2 protein chains.
Amino acid sequence: MPMPVTELLPIRDVTACCAPLTREAISVEDADAVARSLKALADPARLRIVSIVAAHDDQEACVCDLQEPLGLSQPTVSHHLKVLVESGFLTRSKRGTWAYYRLVPGSLDAVASLLTTV
Amino acid sequence: MPMPVTELLPIRDVTACCAPLTREAISVEDADAVARSLKALADPARLRIVSIVAAHDDQEACVCDLQEPLGLSQPTVSHHLKVLVESGFLTRSKRGTWAYYRLVPGSLDAVASLLTTV
DNA sequence: TGTCGATATTGACGGCGATCGATGTTTGGG
DNA sequence: CCCAAACATCGATCGCCGTCAATATCGACA
């Protein structure tokens, strides 16, 4: 039985999750939470979105900034952005007609620290 | 079009991949390579396998050590192990009838360093 | 050599998800 | 007040993948 990327209610914050993978055997619940965060990142389009947003001026970008470099349709870009927001990697702030997305500080580092062995 | 976890020939080593995500906009090819590595980890069973192997005595475990704690069938465990070997996170060494799996040193840290922002 | 145990491979099934076109929603401007 | 622009949501399609039962392979041992 596959695991959906967006579990509805118990979206656990991976920032306060568990010890690094290699320290001790991870629990079933923690493995589910970490896997969900990794699934959110494990897509070429979403990796590029995170990268483009982080490297953009003022560290934020709107949908219109992403659609052309990604080469994807506008609904698809919005879908990926929703996944990244719900998984805690991006924030969304609407100003006028535009929606600006910004990287959540420390969110990537939280995942990285789970994988670090040293 | 979804991306398969196991691309046949060009399995790129994420250890020598690219700059961290947030330094500059990642290229399409690098995003594909990183996504493939993340996909290999983005599964609860595979995360638990990595964790159990790393926390095990002598840092290695055979299929029989994993089957019972994972609660999965033997073919499924072998399938996950194959994914982790082909993606460069585990090595396989067969001794007698048993197959022992071991964590590749630095493989997890390589992925972690791609996500680290500081 | 024949059997047994450990593991790998195959085939099949079911669900998740990446994608797009079409449509809905909201905001700003005339 | 209506239109246009930006974005979100919906519905549908289709390939990938996690899973298991069945089967194959491989090594040890009598």
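Fair warning: this is a prediction, and the values are worked out from it, not measured in the lab. Lettering follows sequence order; numbering is per chain, from 1.
- Residues satisfying the side chain to side chain contact (heavy atoms under 4.5 Å, CB included) criterion with T116(B), sequence neighbours excluded, are D109(A), A112(A), V118(B).
- Candidate nucleotides dT7(C), dT19(C), dA8(D) were compared by shortest atom distance to the side chain of Y101(A), and dA8(D) ranks first.
- Spacing between atom CG of D43(A) and atom C1' of dT19(C) amounts to 11 Å, rounded to whole angstrom units.
- Atom P of nucleotide dA22(C) and atom NE2 of H79(A) are separated by 20 Å, given to the nearest angstrom.
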Enumerate the protein-to-nucleotides 22-28 of chain D contacts in which both atoms are nitrogen or oxygen and the separation is below 3.5 Å.
none

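- H80(B) comes within 4.0 angstrom of the backbone, heavy atoms only, and of no base.
- Considering only side-chain N and O atoms, T76(A) lies nowhere under 4.0 angstrom from the phosphate OP1 or OP2 of dT19(C).
- If you measure from atom CG of L72(A) to atom P of dC7(D), you get 15 Å, rounded to the nearest angstrom.
- Contacts of R23(B) classified as salt bridge (charged side-chain N to carboxylate O under 4.0 Å, His left out), with partners at least two apart in sequence or in another chain: none.
- Between L81(B) atom CG and dT7(C) atom P there is a gap of 10 Å when expressed in whole angstrom units.
- Between the CD atom of E68(A) and the P atom of dA6(D) there is a distance of 14 Å, given to the nearest Å.
- Contact annotation: R92(B) does not reach the phosphate of dT7(C) (side-chain N/O to OP1 or OP2, under 4.0 Å).
- Taking atom CG on L70(B) and atom P on dT7(C), their separation rounds to 13 Å, with Å as the unit.
- The cluster map of Ile, Leu, Val, Met, Phe, Trp and Tyr, joined by side-chain heavy atoms under 4.5 Å apart, puts L103(A) and W98(A) in different clusters.
- OP1 or OP2 of dT9(C) has at least one side-chain nitrogen or oxygen of K82(B) nearer than 4.0 Å.
- The disulfide (SG to SG under 2.5 Å) check on C18(B) picks up nothing, with sequence neighbours excluded.
- Listed for the S51(B) side chain is a donor-acceptor partner under 3.5 Å among the backbone atoms of I26(A).
- Considering only residues two or more places apart in sequence or on other chains, R92(A) meets the salt bridge (charged side-chain N to carboxylate O under 4.0 Å, His left out) condition with none of them.
- Partners of T97(B) according to the side-chain hydrogen bond (donor to acceptor under 3.5 Å, both in side chains) rule, which considers only residues two or more places apart in sequence or in another chain, do not exist here.
- If you take CG of L84(A) and P of dA18(C), they are 10 Å apart, rounded to a whole angstrom.
- Taking a 4.5 Å side-chain heavy-atom cut-off between Ile, Leu, Val, Met, Phe, Trp and Tyr, the cluster of V28(A) contains only that residue.
- Look at CH2 on W98(A): it is 16 Å from C1' on dA8(D), rounded to the nearest Å.
- Not a single side-chain hydrogen bond (donor to acceptor under 3.5 Å, both in side chains) links D65(B) to another residue, sequence neighbours left out.
- At a non-hydrogen distance threshold of 4.0 Å, C62(B), V63(B), C64(B) from residues 45-67 of chain B come into contact with DNA chain C.
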